[in-house]
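So the structure is just underneath, and the comments pick up after that.
Remember, it's a predicted structure, so these values are computed and weren't measured experimentally. We name chains A, B, ... by the order of the sequence lines, and we start the count at 1 in each one.
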Amino acid sequence: MSTLKPKFLKPETDDAITDSAGHEEAAATSFVFNTNHNLGLQEQRERLPIRKYRDQILYCLEHHQVLILVGETGSGKSTQVPQYLYEWGWHTKGLIGITEPRRVATLTLANRVAEERGELIGATVGYVVRFMERFTAETHIKFMTEGILLRELLADPLLTQYGVIIVDEAHERNMLTDLLLGLLKKILRKRSNLKLIISSATIDASFFAEFFSWPGADQPISIKLTIEGRMHEVNHYYVNEPCADYVRETVETAWKLHQREPPGDILAFLTGQDEVLEARDLLQEYIASTETANLKVLPMYGSMSSTDQLSVFFTAPKGMRKVVLATNIAETSLTIPGIVYVIDSGYVKLKCFNPSTCSDSLVIVPVSKASAIQRAGRAGRLRPGKIFHLYTRQDYDALAPRQPPELRRSELSAAVLQLKALGIKNILRFDFPSPPPAKNLLAALELLYALNALDVDGELTQPVGYLLAELPFSAMLSKMLFVSGQLGCAEEIITIIAMLQVQSVFSRPASAAAQQMGRIAHRHFEVAEGDLVTLLNVHSAFVEAGMTKEFCGQYYLIYRNLKRACELREQLLNLIRRKYGIAIFSCKGDVELLCKCITAGFFTQVAYLHHSGVYRQISSGVELAIHPNSTLYTLPAAKYIVYGELLQTTKLFMNQVTVIRQEWLTELAPHYYQQTTVRD
DNA sequence: GAGCACTGC
C-alpha cells in the first residue's frame with residue numbers, strides 16, 4: 001500500500017462537504033482524535049486502537065452471521081471495518097454497505113475512507129444520500145443514510161446486491177434504525193449468506209445480541225473495542241437528600257462550587273428556556289450581593305439567535321469563571337470549551353406521542369443513565385473533572401438505562417406506510433426491536449385508512465397508498481400534494497411543503513424591543529387564512545425581493561432557513577416532475593383553492609369554535625387552543641380550522657392553523673364526515 | 001402569551 005497523501009476531492013465533491021453546516025457537523029461528531037496527524041495515512045491506520053481487533057473481527061464474521069461491535073465514537077470502527085472487509089475480499093460476495101443516521105457523517109466518512117485508500121470518491125468507495133451520490137460500477141464500499149437503504153428495500157427486498165451490511169451508530173435507536181433492524185432480521189433469516197455488523201455503544205450490546213437470536217441461528221457475537229486515552233476521569237457526586245427545587249439547587253450548587261473549587265468553568269443542565277432564565281436571574285442576585293463579581297453567567301438554549309449562542313464559546317475574562325446554564329443542547333449537539341464542573345439537574349424535556357388526541361406532549365422526565373453519563377463526559381474533556389448530580393445515588397441507580405427509542409414515542413404513519421409498501425401484512429405482529437404501543441400503531445392505521453391510503457383489509461390503495469408510501473413527506477402533506485395535482489395548485493402546495501420542511505423562517509430575537517419589531521415586520525406577510533398561506537407569502541416576497549440577506553434583515557426572517565426552503569423546493573419540483581404523475585399548475589392567486597387542498601390533507605385534524613368561545617377537537621370534543629406563535633392567535637376566531645400539529649404543554653396548542661369552511665369537510669372527505677354531527 | 005434537542009427519504 002502506498003503512503004502518499006494526495007488531496008483528491010473532485011471540485012463538486014469538495015463543494016458538497018465544505019458547506020458551512022457540514023463543517024460544523026463534521027467537527028461536532030468528529031471520529032478522529034488524532035495524535036498521529038503528522039504520519040502517513042497508512043501508518044496512521046496501523047496505529048489506530050481498532051487495528052489489533054482486525055483479525056478477530058474478520059474471523060468472527062466468517063463464523064457468525066451477526067457481529068456486534070461495541071465501542072464509543074472515536075474507535076475508528078466506521079472508517080476501518082469497511083476497509084478490513086474489503087482488503088480481506090468480502091466485496092467479492094456483494095457490496096459492503098454502511099448505513100449512517102446523518103447525511104454529513106455519510107459524506108465525511110466516505111471521503112475519509114477514499115482518501116486513506118488513495119483514491120477518488122466514487123471509485124472503490126462511494127456514497128449515496130438523498131439528492132446526491134458518488135457511486136459507480138466499480139464501487140464496493142457504499143456509505144449511505146438509513147433512509148436510502150430503506151428505499152432500496154422497496155426495489156430489492158432481500159438486498160441481494162449486498163454481502164455485508166454495517167449499521168453504524170445503532171445505539172441512537174432512531175426511528176429509521178429500528179425499522180431497518182427489524183427488516184434486516186427478516187432478511188437474515190432468508191439469506192444465510194448475508195452478514196450484519198451492528199455498531200453500538202456498550203449499553204445496548206446485549207439488547208442487540210438478544211434481538212438477533214432465534215432458534216436454529218448461530219448466536220450473534222460481540223466484540224468490545226477499547227478506546228485509549230479519550231477522556232479524563234470524572235468524579236461523581238450525589239446529594240444526600242432529594243432536592244425539592246432543582247432550579248434553585250442548581251444555582252446554589254454553582255455558587256458553592258465557585259466559592260470552593262479551583263478555576264475551571266461550570267456547565268449546568270436544565271430542561272428549558274424558562275428554567276435557564278430563572279436560574280440566570282437567581283445567580284445574578286447572588287453575584288450582586290457580593291463585592292467581588294468574578295462570575296460570568298451565560299444562558300444557552302436552542303431558540304437563542306446564533307450570535308447570542310456564540311458568546312458561550314469565548315473564554316471568560318482573566319480572573320473570571322464562566323457558568324453556562326444550558327438545555328439539552330449542550331449534551332450532544334455542541335461542545336463548550338473549558339468545562340471542568342458539570343451540574344446535572346437530573347431532568348430533561350422529552351417529546352412523546354399521545355394516541356388518544358394524536359398530539360405530542362412535551363414533558364419533563366428524569367434523565368436516563370446514558371444521558372447522565374453523557375453529561376458527565378462534558379466535564380472530562382479538558383482535564384479531570386467533577387459532576388454534581390442533584391439527586392441521590394439511589395435515584396441514580398433507579399434511572400432507566402436509556403430513553404425509550406424514538407419509534408416507541410412517535411407518530412407512526414410513515415413507518416406503517418413503509419412496512420406496508422414492503423409487503424408486511426400484519427403490522428402489529430412485526431418484529432420491532434422495541435415494539436411501539438399498539439395504540440400508536442392503531443392510530444396510524446386509522447389515519448391512513450381515513451386518508452384512503454389503506455383499504456378495509458389494510459392493504460395499500462392504488463394510487464394514493466403507494467404514492468404516500470413513496471413520497472418523502474408525512475402522510476397528510478403527501479395527501480395534500482396529491483389533491484393539489486387534481487385541483488390545479490400543486491406549484492403553491494409544493495412551496496408550502498418545502499417551507500414546512502425547514503426550521504422556522506421567522507426570527508425571534510432575545511430582547512423584548514426587537515421582538516416587538518419582529519412581530520410588526522411579520523405582519524407584512526400575515527393573512528386571515530392562516531399560517532400555511534402566510535408561509536407561501538413569505539416565500540413569494542423573498543423570491544420577489546431577489547432572495548437577499550438584506551430583505552431578511554429588514555423583515556426579521558432567517559436567511560439560512562429560507563434559502564434552504566428554496567433549494568428544497570427546486571429539488572422537490574424535479575423529483576415530482578420526474579417520478580410522479582402529479583400535474584404542476586399554479587392556482588394564480590385562488591387562495592380558496594389552496595385552503596381546500598390543505599383541508600384535503602388535514603381533515604382529520606379539525607377544530608370548531610364552541611359557543612363558549614374556545615376551540616374543540618371535532619372528533620373528540622377535547623378543548624384546544626391556538627398557539628401564540630400562530631398568525632391566527634391575534635385575529636378574530638374563525639368557526640372552523642384545521643391544524644398541522646398539536647402540542648401539549650400548558651394547554652393543548654394547535655400549530656400551523658388554516659381557516660376552512662364546514663361544507664368542505666363533507667365535500668372533500670365524505671367518507672369521514674357524512675356521519676358526524678357537529679356539536680354546537 | 002409561549003418555545004427540549006435532533007435527523008432522514
Review point. Closest to the A:F653 side chain: B:dG8, B:dC6, B:dG3?
Key: B:dG3
Review point. Taking CG from A:L154 and P from B:dG8, how many angstroms apart are they, rounded to a whole number?
Key: 19 Å
Exercise for review: Could you pull out the closest heavy-atom pair between A:M499 and A:A565, with the gap in Å?
Suggested key: SD-CB, 3.7 Å
**Study point:** A:K420 NZ to B:dC9 C1', straight-line distance once rounded to whole Å
**Key:** 21 Å
Review point. Between atom CD1 in A:I364 and atom C1' in B:dA5, what is the gap in whole Å?
Key: 14 Å
Exercise for review: Report which part of the nucleic acid A:N629 touches: base, sugar-phosphate, or nothing (heavy-atom distance under 4.0 Å, all strands).
Suggested key: base
Point to revise | Any A:T271 side-chain nitrogen or oxygen under 4.0 Å from OP1 or OP2 of B:dC4 | key: no
Review point. A:R102 side chain: which of B:dG3, B:dT7, B:dA5 is closest?
Key: B:dT7
Check your understanding: Rounded to the Å, how far apart are A:D168 CG and B:dG8 P?
Key -> 15 Å
Review point. Looking only at side-chain N and O atoms, does A:T649 come under 4.0 Å of OP1 or OP2 in B:dG3?
Key: yes
Revision key, fill the gap. The residue, A:L471 or A:R409, whose nearest nucleotide of DNA chain B is more 5′ is A:R409
Point to revise | Candidate nucleotides B:dC4, B:dC9, B:dG1, ranked by approach to the side chain of A:T327 - the nearest | key: B:dC4
Check your understanding: OH of A:Y301 versus C1' of B:dC6: gap in Å, rounded?
Key -> 19 Å
Review point. Does a sphere of radius 6.0 Å around CZ in A:R564 hold more than 12 heavy atoms from other residues, nucleotides or ligands, not counting ones at 6.0 Å or beyond?
Key: no
**Study point:** Among B:dG3, B:dC4, B:dC9, the nucleotide that comes nearest once only the side chain of A:H627 is considered
**Key:** B:dG3
Check your understanding: CG of A:N561 to CG of A:L568: how many Å apart, nearest 0.5 Å?
Key -> 11.5 Å
Point to revise | Residues forming a ring-ring contact (aromatic ring centres under 6.0 Å, His included) with A:F135, sequence neighbours excluded | key: none
Point to revise | ring-ring contact (aromatic ring centres under 6.0 Å, His included) partners of A:Y301, counting only residues at least two apart | key: none
Practice item. With the side chain of A:I329 defined as its heavy atoms from C-beta on, choose the nearest nucleotide among B:dG3, B:dC9, B:dC6. Key: B:dC6
Check your understanding: If you check every side-chain atom of A:R151, which of B:dC9, B:dG1, B:dC4 has the closest atom?
Key -> B:dC9
Practice item. Nearest-nucleotide wise, let me know which of A:Q516 and A:A469 is further upstream toward the 5' end of DNA chain B. Key: A:Q516
